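Keep in mind the model is a prediction, meaning the values are calculated, not measured. Just so you know, these numbers use all the heavy atoms, side chains as well, and skip hydrogens, waters and symmetry mates.
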Amino acid sequence: MKSIITISRYIVGVLFIFSGLVKANDPLGLAYKMQEFFEVWAQSGWAPGLMHAMNDYALTFSVIMITFEIVAGVAVLVGWKMRLFSWLLLILIIFFTFLTGYAYLSGKFRSCGCFGDCIPITPKVSFIKDIVLLLLILLIFTWRNKIKPVLSSFSSACIVLLSVIFSLWFQWYVLKHLPVADCLPFKKGNNIPEKMKIPPGAIPDSTVIGFVYEKDGKTVEFTSDNFPDDFDDSIYHFVKRYDKLIRKGNAEPAIKDFVLTTLQENDTTMQVLSDPGYNAFLFIKDDPGKGEWEQNLELLYPVLQQQKINLFVVTNDAPGISAYFNAIPGVSFLKCDVVPIKTAARANPTLYLLKNGTIISKWSYADWDDAAEEIQASAN
């Protein structure tokens with residue numbers, strides 16, 4: 001039994017650390033997934049006021065959850081304070097199992113975000129994973145009093161404390177400087193127009209056309225391939241037609257709803273993306289407020305002018321953002337839905353260098369000094 005408990009600890013600890021590190025690479029991604037859950041629950045009538053209020057704290061919840069996941073995994077591996085962490089692990093895995101079970105059984109989510117965007121897995125696989133983890137953690141919980149620390153109490157406490165510091169520091173770093181491992185569709189080297197197409201071999205949704213008619217004062221429903229034998233317009237009176245989903249496919253492009261329009265609502269997406277020259281795109285979500293990015297832009301913009309590179313500001317709030325650019329001439333504003341901007345701008349704002357729709361490079365506002373050097377090197 002001792003060896004089984006030890007193996008269970010190693011499996012649980014490694015999986016929790018791995019899962020936490022993958023999500024720590026992009027805590028905003030988990031925050032957006034949380035907001036997706038909040039929105040679905042609000043629409044379902046589950047305390048909508050509370051769900052909408054929790055949206056504002058999604059990033060805080062994300063950072064706390066990721067940190068705890070990594071720290072709990074480390075604590076289990078070293079066997080530190082197992083009476084406490086066995087309870088915390090049990091509570092956490094019950095919560096995770098509820099989330100993945102809801103995502104799977106409701107059919108409202110394509111991914112639960114358990115391993116971030118780097119390792120997308122279906123809600124069904126994630127739910128099965130959590131069931132297995134729940135069984136292993138129940139085993140650890142049952143025998144928690146028999147688990148002895150691998151190291152001394154002081155050494156174990158130091159390792160756990162270092163894991164807390166590292167988790168928080170790493171998340172702070174990627175939130176300011178973009179994810180270390182870029183697994184998003186707007187990553188360096190990708191061609192945006194190509195990513196807006198449905199990938200080859202994708203399976204489309206399978207649907208059937210349904211009809212609702214009225215016959216003898218009663219509602220009758222049937223599909224296009226099983227019309228009743230006595231069907232006649234004089235007997236059956238049309239009520240409505242609908243499309244019924246039989247099987248959900250995966251025929252979705254990696255980049256969805258990416259439409260760039262001018263302030264006059266003219267679609268200019270393909271026009272700007274097909275430009276054979278270099279163009280800079282500044283993605284700004286909502287109002288970033290005054291800060292470091294403004295000063296960095298003042299230093300970067302002369303470099304763009306020198307290299308004759310057009311600057312396009314892509315935002316979901318052009319009227320509110322335009323005030324920041326009053327002192328910068330020659331900037332073009334493009335409007336875009338907030339969802340693709342949230343994917344493209346993990347730091348707010350994020351600068352892209354594009355050529356013929358291909359992403360040459362991208363930088364967080366905190367790294368625009370590096371951007372100036374790279375832009376000069378690329379354009380020369």
>> I'd like to know whether L90 forms a side-chain contact (heavy atoms from CB on, under 4.5 Å) with I94, so could you lay out the CA-CA distance, the side-chain angles of the two residues, the decisive distance to 0.1 Å, and finally the verdict.
In response: CA-CA 6 Å; L90 184 61; I94 290 174; 4.0 Å; yes

> Can you check salt bridge (Lys or Arg N to Asp or Glu O under 4.0 Å) on D317 and K335, steps first, answer last?
Replying inline: CA-CA 7 Å; D317 181 24; K335 296 192 295 183; over 6 Å; no

>> Assess the residue pair W172 and F166 against the criterion (ring-ring contact (aromatic ring centres under 6.0 Å, His included)); give the C-alpha distance rounded to whole Å, side-chain angles, the decisive distance to 0.1 Å, and a yes or no.
In response: CA-CA 10 Å; W172 167 84; F166 172 77; over 10 Å; no

> Between K23 and F18, does a side-chain contact (heavy atoms from CB on, under 4.5 Å) hold up when you go through it step by step?
Replying inline: CA-CA 9 Å; K23 290 196 283 285; F18 177 74; over 6 Å; no

> Stepwise, does the side-chain contact (heavy atoms from CB on, under 4.5 Å) test hold for T343 with I341?
Replying inline: CA-CA 5 Å; T343 304; I341 292 178; over 6 Å; no

>> Please determine whether side-chain contact (heavy atoms from CB on, under 4.5 Å) holds for the pair I128 and Y104, giving the CA-CA distance in whole Å, both sets of side-chain angles, and the decisive distance to 0.1 Å.
In response: CA-CA 10 Å; I128 294 173; Y104 168 52; over 6 Å; no

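Side chains of Q43 and E39: a donor on one and an acceptor on the other come within 3.5 Å. T6 and K2 are not linked by any side-chain donor-acceptor pair at a separation below 3.5 angstrom, with hydrogens and angles left out of the test. Side-chain atoms of S152 and S155 include a donor-acceptor pair closer than 3.5 Å. T261 and D267 form no side-chain donor-acceptor contact under 3.5 Å, judged by distance and modelled atom types alone.
In this structure, S126 contributes its side chain and P123 its backbone to no donor-acceptor pair below 3.5 Å. In this structure, the side chain of T269 engages the main chain of L260 through a donor-acceptor pair within 3.5 Å. A donor-acceptor pair under 3.5 Å links the side-chain atoms of Q35 to the main chain of N55, judged by distance alone. Side chain of Y173 to main chain of P179: no donor-acceptor pair is present (N/O by atom type, distance under 3.5 Å, no hydrogens or angles). Checking side-chain atoms of D337 against main-chain N and O of V339 turns up a donor-acceptor pair under 3.5 Å. The closest donor-acceptor contact from the side chain of S364 to the backbone of A366 lies under 3.5 Å. Side-chain N or O atoms of S19 include none that pairs as donor or acceptor with a backbone N or O of F16 at under 3.5 Å. Judged purely by atom type and a 3.5 angstrom limit, S322 uses its side chain to pair as donor or acceptor with the backbone of P319. With R9 contributing its side chain and V76 its backbone, the two residues share a donor-acceptor pair below 3.5 Å. Between the side chain of S8 and the main chain of L136, no donor-acceptor pair closer than 3.5 Å is present.
Relative ring orientation between Y57 and F61 is described as tilted, the plane-to-plane angle lying within the 30° to 60° band. Classification of the F85-F68 ring pair by plane angle, with boundaries at 30° and 60°, yields parallel. W368 and Y365 have perpendicular rings, their planes meeting at more than 60° on a 0 to 90° scale where under 30° would count as parallel.
By the 4.5 Å heavy-atom criterion applied to side chains, F325 and L297 are counted as neighbours. With a 4.5 Å cut-off on side-chain heavy atoms, Q376 and Q306 count as touching. Between M82 and W143 the shortest side-chain heavy-atom distance does not fall below 4.5 Å. A heavy-atom distance below 4.5 Å is found between the side chains of R346 and L184. With contacts defined as side-chain heavy-atom distances shorter than 4.5 Å, the pair L178/D182 does not qualify. Residues V313 and L334 fail the side-chain proximity criterion, which asks for heavy atoms closer than 4.5 Å. Side chains of Y213 and P228 form no contact here, defined as non-hydrogen atoms less than 4.5 Å apart. Side-chain contact between I91 and F95 is absent, with no heavy atoms from C-beta onward closer than 4.5 Å.
Residue Q171 forms a side chain to side chain contact (heavy atoms under 4.5 Å, CB included) with just one option from T67, D26, L59, and that option is T67.
Heavy atoms from other residues, nucleotides or ligands lying under 6.0 Å from CD of Q271 number 12 at most. Counting heavy atoms of neighbouring residues, nucleotides and ligands inside a 6.0 Å radius, atom CZ of F238 exceeds 12 of them. Atom CH2 of W41 has more than 12 neighbouring heavy atoms from other residues, nucleotides or ligands inside a 6.0 Å radius. Other residues, nucleotides and ligands contribute at most 12 non-hydrogen atoms within 6.0 Å of the CH2 atom of W87.
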Can you give the donor-acceptor pairs under 3.5 Å from side chains of residues 279-290 to other protein atoms, not counting sequence neighbours?
unit_1, atom_1, unit_2, atom_2, d
N279, OD1, N310, ND2, 3.4
N279, ND2, D275, OD2, 3.2
D286, OD1, N316, ND2, 2.9
D287, OD1, G289, N, 2.8
D287, OD1, Y324, OH, 2.6
D287, OD2, Y324, OH, 3.4

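Note that NE2 of H177 and CG of D370 are 9.5 Å apart. Values are rounded to the nearest 0.5 Å. Rounded to the nearest 0.5 angstrom, I360 CD1 and K188 NZ are separated by 8.5 Å.
Hydrophobic clustering, with ILVMFWY side chains joined whenever heavy atoms are under 4.5 angstrom apart, groups W169 together with V164. V180 and I17 fall within the same hydrophobic cluster, where Ile, Leu, Val, Met, Phe, Trp and Tyr residues are linked whenever their side-chain heavy atoms come under 4.5 Å apart, directly or through other members. A chain of hydrophobic side-chain contacts below 4.5 Å, direct or via other Ile, Leu, Val, Met, Phe, Trp or Tyr residues, connects I321 to L304. Cluster membership for L311 and V272, using ILVMFWY side-chain heavy atoms within less than 4.5 angstrom, is not shared. Hydrophobic clustering (ILVMFWY, side-chain heavy atoms < 4.5 Å, transitive): I309 and Y352 are in distinct clusters.
Contact between S86 and R144 at its shortest, heavy atoms only, is OG-CD, 3.0 Å. L263 and A318 get closest at one heavy-atom pair: CD2-CB, 3.6 Å. The shortest heavy-atom contact between C118 and A181 is SG-O, 4.1 Å. The two residues P27 and V174 have their closest heavy-atom pair at CD-CG2, 3.5 Å. In terms of heavy-atom proximity, N356 sits nearest to S274 at OD1-O, 3.2 Å. Annotation for L89 and A72: closest pair CD2-CB, 3.8 Å, computed over non-hydrogen atoms.
A ring-centre distance under 6.0 Å is not found for F333 and F312. Between F211 and F227, the distance from one ring center to the other falls under 6.0 angstrom.
Geometric assessment of K195 against the ring of F186 yields a negative cation-pi assignment under the 6.0 Å and 45° thresholds.
Salt-bridge formation is detected for the pair E292/K176: a Lys NZ or Arg NE/NH1/NH2 atom is positioned less than 4.0 Å from an Asp or Glu carboxylate oxygen.
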